[in-house]
Amino acid sequence: MSGVLFSWMYGDPAEVVDRLRSLRERLEQAEKEQLVRERRRKARRIRKLVKAAKAGKLKER
């Protein structure tokens, strides 16, 4: 992990590692939630398109 060093990174190494682990866990959880939101949004869009196709409202290509 490269980037700007924060003042808390100059403290006790064990505390720094614990904080980085919790930071990484929160990041992973946020990424999982984002994937779930994207999947649901995509599913909604597909259902909408299928419904429109069944109603005959989509253009023929």
Side-chain angles (χ1 to χ4, degrees):
M1 180 173 168
S2 64
V4 179
L5 292 178
F6 298 101
S7 62
W8 57 266
M9 290 184 157
Y10 291 103
D12 182 26
E15 291 177 4
V16 171
V17 170
D18 288 342
R19 192 164 179 177
L20 288 175
R21 283 182 184 151
S22 67
L23 198 69
R24 186 172 292 131
E25 288 172 0
R26 286 187 304 199
L27 181 62
E28 288 173 359
Q29 184 64 29
E31 287 175 350
K32 285 179 185 178
E33 291 171 0
Q34 180 66 25
L35 288 174
V36 168
R37 281 193 297 270
E38 288 176 8
R39 184 177 52 82
R40 287 180 182 161
R41 188 185 67 215
K42 186 176 179 181
R44 272 189 231 114
R45 182 173 176 267
I46 291 171
R47 280 194 300 271
K48 182 179 173 184
L49 290 172
V50 168
K51 187 176 180 180
K54 285 182 178 179
K57 294 183 180 180
L58 289 180
K59 284 183 166 181
E60 294 287 330
R61 290 185 185 181

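Just so it is clear, the structure is predicted and the values come from calculations on it, not from any experiment. Both backbone and side-chain heavy atoms feed into the values below; hydrogens, waters and symmetry mates do not.
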From [atom1] ([X]) to [atom2] ([Y]), nearest 0.5 Å:
| X | Y | atom1 | atom2 | value |
| --- | --- | --- | --- | --- |
| Glu25 | Glu28 | CD | CD | 7.0 Å |
| Asp18 | Asp12 | CG | CG | 8.5 Å |
| Glu33 | Glu31 | CD | CD | 10.5 Å |
| Arg24 | Arg21 | CZ | CZ | 8.5 Å |

task = Check the hydrophobic clustering (I, L, V, M, F, W, Y; side-chain heavy atoms under 4.5 Å; chains of links allowed) and say if Val16 and Tyr10 are grouped together.
result = yes
ask   = Quick one: do the Gln34 and Glu38 side chains pair a donor with an acceptor below 3.5 Å?
value =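 Looking only at side-chain atoms, Glu38 and Gln34 do form a donor-acceptor pair, the distance falling under 3.5 Å.
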inquiry  = How about CZ on Arg37, more than 12 heavy atoms from neighbouring residues, nucleotides or ligands closer than 6.0 Å, or not?
reply    = yes
